[in-house]
Structure formats: structure tokens, C-alpha cells
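Structure record follows, encoded as C-alpha cells.
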2 protein chains.
Amino acid sequence: MPIQLKHSRQRDALLSLLQSVYSHPTAEWLYENLKMDFPNISLATVYRNLNLLCEQGMAMRVDVGDDKNHFDANTKNHYHFLCKGCRSVIDVSNEELSDVNLPVEEKFGFKVDTHSLVFFGLCDKCR
Amino acid sequence: MPIQLKHSRQRDALLSLLQSVYSHPTAEWLYENLKMDFPNISLATVYRNLNLLCEQGMAMRVDVGDDKNHFDANTKNHYHFLCKGCRSVIDVSNEELSDVNLPVEEKFGFKVDTHSLVFFGLCDKCR
DNA sequence: ATGAAAACGATAATGATTATCATTATTAAG
DNA sequence: CTTAATAATGATAATCATTATCGTTTTCAT
């Protein structure tokens, strides 16, 4: 008996908003912007649906260590860069960094499923 | 006028406890264990002194994305592995993974100061 | 010994997120 | 087109790690 999803205008709007931006917004930012179309939307609804979208694989959580989650509709494998100046989160392709897991598997005998890699510095606007 | 540190038995005990363990304890764990010698110690004292030790470079914060900070008296550059089974945090040397920042600098034109790299999987006991 | 300032313990406050719960919206079946 | 089930909502309380506040205690140079 997996939970049978029902349609929701709020969830639709959330997903298309998330898909329309290149930034990696927080729940709070999405909440503020959804208020344009849904003046009565609740922050709880935003969190609920973000969790749903992540479970469904239509979005992913981006943790850059700034104590709040960011969200990304691009679920393809890639890394992120956090600018210490403007605090923006920027995509970084991971083509050049394949097989990072391998040396850890081999040297320590751990089974490495995934890794998290975040870069910190100044973006081209802030440097 | 930089803050003039004064000696504190609680801070001494915190540092030597942290230096004596290979795990990467949380503030809560350190607090519970310091109670042996300081029954009246406050959790605030533990947090205060952990922040101080980090500022002084005698300890470092380890963020593995589990919503609480871990602490490490080994401030030499190394990575961490989080076991999804026993939730323990294990050191990983970074010898095999030098120059991770470089490709990002070159390709995106960002000034990359640091990066955070955490591995997830099962340790040799849990796999 | 003494006084300024650091550190303390207790505890309230914060901020992001989750849980609760009464009400509303969606949807499949009659 | 009703209706009944159940998912989703909005409002808000609760949670949990961490920080701030504040009156009291320690530390330490004088």
C-alpha cells in the first residue's frame, strides 16, 4: 500500500518554480515566491512537497553546510560551489572528478556508495 | 585588544578528552563524558569552549551532514567517511586525492579556497 | 588582598524543520 | 452528478542543535 498521490496545484507550482531557476533556492525563498500565486500557502506545505519531490526523484537536496537545505530540480550528478561573498550556490560539472570513491574503497576496505563534494571560494563576480 | 584567554579546568578537560578519542564526538557526547569529572558542567560551556578551540586552531568542526557538528582534535588536512550502518565518522587520508580544487578553478574561473569532501557507505564492520 | 575581566552554570531564545490536527480538495465509484 | 475515502492544506505547536543572556564564580596581574 504505497501512498497514493493526489494532484495538488501547490505542488505543481512548486516544481515549476524550482525548474525555472538556476539558483538553488531554500524552502524559505520558494515559500516567499509562491506567495505571489498562493497568498495563503503555508511554509509547511512547501517543506512537505519538497520532501515528496525529493522522494520521487524530481528534485534533490543540496547541503552546502550553511545550516539550511537548498533544492535543485536538476537531479543529474553534479557538484556545487558556494561563494563566500554572495552566498550563492553554483553548479559545477563533475566530469573531471570521476572515480573519487575508488581510492577510499581500495585503501580502507569500505563500501563507498556516494560522496559529497562542495567547493568554497569566490565566484567570478565576487573575486 | 584580542580577547585575553584565561585558564579553565573545564576547557583543559575538554581538549584532552577530545585528543584522547579517535571517534569524532558531538558536543552532546563530550558533555555527557565530561560529567564524570565535572558533574555540574553546563552544555553551554562545552559549546563555548569548542568554539574557542576551533578559533584557536586546536580543534576543527566536522560536518558530515547529519545535522550536528562533530569535532576533531586532528586539524591536519584529511577527509571523513560516514558509515550509514553504525553512523560512525572515520578518518580518511587525502593523499590519493590531491588537487581536487584545480579543475574547478580552471574551468569556471572561480577562486577556490577550500572544499569539503565526505564519503558515505558501509565501514568494514558493517558491510 | 583586590578588582577587572574571563568563564561558569542555568536557562531562555533562535532558526530550520517536522509533527499535529481540524478543514478543504481531489478522485474513483455508484 | 453526488458521495465517500483519503490525500493535501493552512495554522501552529513541537523538536533539536546551537547561541545568547545574565547573575555568579574563577582567574590572575597588580
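Because only heavy atoms are used, hydrogens play no part in the values below, and waters and symmetry mates are left out as well, while side chains stay in. Naming convention: chains lettered A, B, ... in sequence-line order (proteins, then strands); numbering from 1 in each chain. Quantities reported herein were computed from a predicted structural model and do not represent experimental measurements.
- Using cut-offs of 30° and 60° for the angle between ring planes, the A:His80 and A:His78 rings count as perpendicular.
- Phosphate contact (OP1/OP2 of D:dT19, side-chain N/O of B:Tyr47, threshold under 4.0 Å): absent.
- Residue B:Gln10 has a polar side-chain atom (N or O) positioned under 4.0 Å from OP1 or OP2 of C:dG9.
- No more than 12 heavy atoms of other residues, nucleotides or ligands lie within 6.0 Å of CD in B:Gln4, so this atom counts as exposed by the packing criterion.
- Contacts between residues 18-42 of chain A and DNA chain C, defined by a heavy-atom separation below 4.0 Å, involve no residue at all.
- Checking the phosphate oxygens (OP1, OP2) of D:dA8, no side-chain nitrogen or oxygen of A:Asn49 falls inside 4.0 Å.
- Within a heavy-atom distance below 4.0 Å of DNA chain D, no residue of residues 62-75 of chain A is found.
- Aromatic ring orientation, A:Phe119 versus A:Tyr79: perpendicular (interplanar angle above 60°, classes split at 30° and 60°).
- Rounding to the nearest 0.5 Å places CD of B:Glu28 at 13.0 Å from CG of B:Asn69.
- The distance from the CG atom of A:Asn49 to the CD1 atom of A:Ile41 is 7.5 Å, given to the nearest 0.5 Å.
- Salt bridge B:Arg87/B:Asp66: absent, no basic N to carboxylate O contact under 4.0 Å.
- Taken from CG in A:Leu34 to OG in A:Ser42, the straight-line distance is 11.5 Å, to the nearest 0.5 Å.
- Between atom CG of residue B:Leu14 and atom OH of residue B:Tyr31 there is a gap of 13.5 Å, rounded to the nearest 0.5 Å.
- Closest of all the heavy-atom pairs between B:Arg61 and B:Cys54 is N-SG, 4.0 Å.
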Exercise for the section: Any chance you could list the contact pattern along nucleotides 21-30 of chain D? Use B for base contacts, S for sugar-phosphate-only contacts and - for none, protein heavy atoms under 4.0 Å, 5' to 3'. Expected result: B-----BS--
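- Note: B:Ser16 OG to B:Arg11 CZ = 12.5 Å, rounded to the nearest 0.5 Å.
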